[in-house]
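Heads up: the structure comes next, in structure tokens.
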Amino acid sequence: MRTDIDTLWVFALASKCRAFSQENIAWSLVIVALASLAIAILHWAHPGGPAWGKYKLRKGCPTGARPIPGPMGLPLIGSMNLMASLAHHRIAASAQACKAKRLMAFSLGETRVIVTCNPDVAKEILNSTVFADRPVKESAYRLMFNRAIGFAPYGVYWRTLRRIAATHLFCPKQIKATESQRRIIACQMVNMFKNNDRSLTVRGLLKRASLNNMMFSVFGSEYILDSPNNDVEELRKLVDEGYDLLGTLNWSDHLPWLADFDPQKIRLRCSSLVPKVNRFVSLIIDEHRVARNGGTRDFVDVLLSLEGPDKLQDADMIAVLWEMIFRGTDTVAVLIEWILARMVLHPDVQSRVQDELDKVVGRSRAVAESDVTALMYLNAAVKEVLRLHPPGPLLSWARLAITDTTIDGYHVPAGTTAMVNMWAIARDPEWWADPLEFIPKRFMAKEGEVEFSVLGSDLRLAPFGSGRRTCPGKNLGLTTVSFLVASLLHEFEWLPSDDTGVDLSEVLGLSCEMANPLTVKVRPRRL
Ligand code: HEM
């Protein structure tokens, strides 16, 4: 009350002295504008742009710390343009121009970012405990992913979820237990292609197959690929919308003063999506509760059976289940589409894969999952596609520095976002001979050599990430992709469609997929 009276006095006095004359107000505004401009320029005129300049001016840097090289971008917004379409291309070009391939700094509005296009530095970042967190993203939080593995802060809750998923969903025994389902799905896919002698676009079918596969592993629900089903359609729409929301660069994440306005309507769209996801997944959980008789058939049963400190609230269970469906669906379908595209584009590689299939499997029976380890050339071709077309070229979800640290000799403050440009590393002539050529043979181990692993130990190609937050679904993902591709190539010869060739242009959302969906013709091989 006292403050109000004091304030009134100040205003009364100021207006008596004509402090609020139009002229004075105009001058004050000019001075404030000039001061803000000067501060914005001061922040901006720093390697890496405004977010780095602001940090330097506010907090200073340890004595002797060199600034990380990088583009300044524009005042206030920094290098938001780098994250516009095909961010992996733009970031690689910028790192090249700034001679900062090992480590480059840039600003996304007020967010400090570092990015590397070098495998040694990538290893330093991804394998460090300091970068075991994920940066805050409004859409991820609103879509509940902070209660699931992907965006949960590094700590006990995240570790518990990873342990549960590793034990009950991603362990070799569990992957083996779902083999029959993948066989059924492969068979349904083959029948659908068989009954089609015209050109066809494969994406829709691959995404439905992949969704059915995840719905079986996670919810225990079985659906037939060629008969439309409302549940599948509804979930497909929810996943598509979630993918779009998470894959969109949200300006409010980086310019907090924009947040109240929600200019891209991301918050609005999230609030309309979340109740639908809640309703869909809650219904499945309730059905499982009713049907339970102590046994565990699927991942929902596993979560319901948890006791003690591992027991999850319903809201957390929904988040975890939704994430598994969400993450496991598109990544797999996107990768299969790239593989088929490369097979159509390189008939010589395709026939070598098919020769190998004929030798290992023969034409008298269908491929079994146990055949896949013997299909060395096919596995090499899958790796070569992962090299040229990693579904997450920037490893999908960035990392966040929990504390101050040093990377490649540079000081990196806590709160900095770190990215790895896996796409650029995997196409760098320093690490790969003829990097733009499609040569699966490069992954065939010679006698006495150890096979190249793409699972995160060698950062020249780590499409599933590496370190504590590496993809937990990598074995399930690779098993599914390799088996489905083996089945499709065993059954059919894949040819370009008459009217369109294969266009390898990319579009980057949450995953990087073909900008123009693949259209093909198939010719049965096993009559
Ligand atoms: C071809 C298939 C896949 C690719 C290329 C892929 C790629 C990735 C990448 C690059 C990351 C980030 C890793 C990092 O930060 O180091 C990731 C994280 C993750 N992936 Fe995958 N993934 C695939 C399949 C799957 C599947 C099938 C599932 C589950 C069903 C899954 C679940 C997850 C989860 C939960 C995370 C977050 C991990 C964490 O933050 O601790 N992924 N994935």
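Small disclaimer: the values here were computed from a predicted structure and weren't measured. Whatever order the structure lists them in is the order used to number ligands and atoms, beginning at 1.
- Those atoms of ligand 1 with a heavy atom of S466 less than 4.0 angstrom away are 16 (O).
- At least one heavy atom of M214 sits less than 4.0 Å from an atom of ligand 1.
- Classification of the F452-F443 ring pair by plane angle, with boundaries at 30° and 60°, yields perpendicular.
- Checking side-chain atoms of T178 against main-chain N and O of I175 turns up a donor-acceptor pair under 3.5 Å.
- Ranking the protein heavy atoms by distance from atom 22 (N) of ligand 1 puts C471 SG, 3.1 Å first.
- Listed by number with element, the atoms of ligand 1 under 4.0 angstrom from any heavy atom of L335 are 1 (C).
- Taking any N or O of W158, backbone or side chain, at least one lies under 3.5 Å from an N or O belonging to ligand 1.
- Looking only at heavy atoms of the protein, atom 28 (C) of ligand 1 is closest to G473 CA, 3.8 Å.
- Under a 4.0 Å heavy-atom criterion, F151 is not in contact with ligand 1.
- Aromatic ring centres of Y223 and F216 lie farther apart than the 6.0 Å criterion allows.
- Close contacts between ligand 1 and G150 involve ligand atoms 37 (C), 40 (O) [criterion: under 4.0 Å to a heavy atom].
- Counting protein heavy atoms only, atom 41 (O) of ligand 1 is closest to R162 NH1, 2.8 Å.
- Of the protein's heavy atoms, P472 CD, 3.7 Å lies nearest to atom 19 (C) of ligand 1.
- Close contacts between ligand 1 and F170 involve ligand atoms 29 (C), 30 (C) [criterion: under 4.0 Å to a heavy atom].
- Look at I149 and you'll find a heavy atom under 4.0 Å from some atom of ligand 1.
- For atom 10 (C) of ligand 1, the closest non-hydrogen atom of the protein is P463 O, 3.3 Å.
- For the ligand labelled ligand 1, residue G328 lies inside the 4.0 Å heavy-atom shell.
- Considering backbone and side-chain N/O atoms, R327 comes within less than 3.5 Å of an N/O atom of ligand 1.
- For A165, no heavy-atom contact with ligand 1 is shorter than 4.0 Å.
- Counting only heavy atoms of the protein, atom 12 (C) of ligand 1 lies nearest to L395 O, 3.6 Å.
- Ligand 1 lies within reach of R399, whose nearest heavy atom is under 4.0 Å from it.
- Under the 30°/60° scheme for interplanar angles, the aromatic rings of H346 and F438 are found to lie parallel.
- Within the 4.0 Å heavy-atom criterion, the part of T470 lying near ligand 1 is the backbone and not the side chain.
- Residue E323 has at least one heavy-atom neighbour below 4.0 Å for each of these atoms of ligand 1: 35 (C).
- In this structure, W423 has its ring center under 6.0 Å from that of H89.
- Of the N or O atoms in R468, none lie within a sub-3.5 Å distance of an N or O in ligand 1.
- In terms of protein heavy atoms, atom 40 (O) of ligand 1 is closest to R134 NH2, 2.7 Å.
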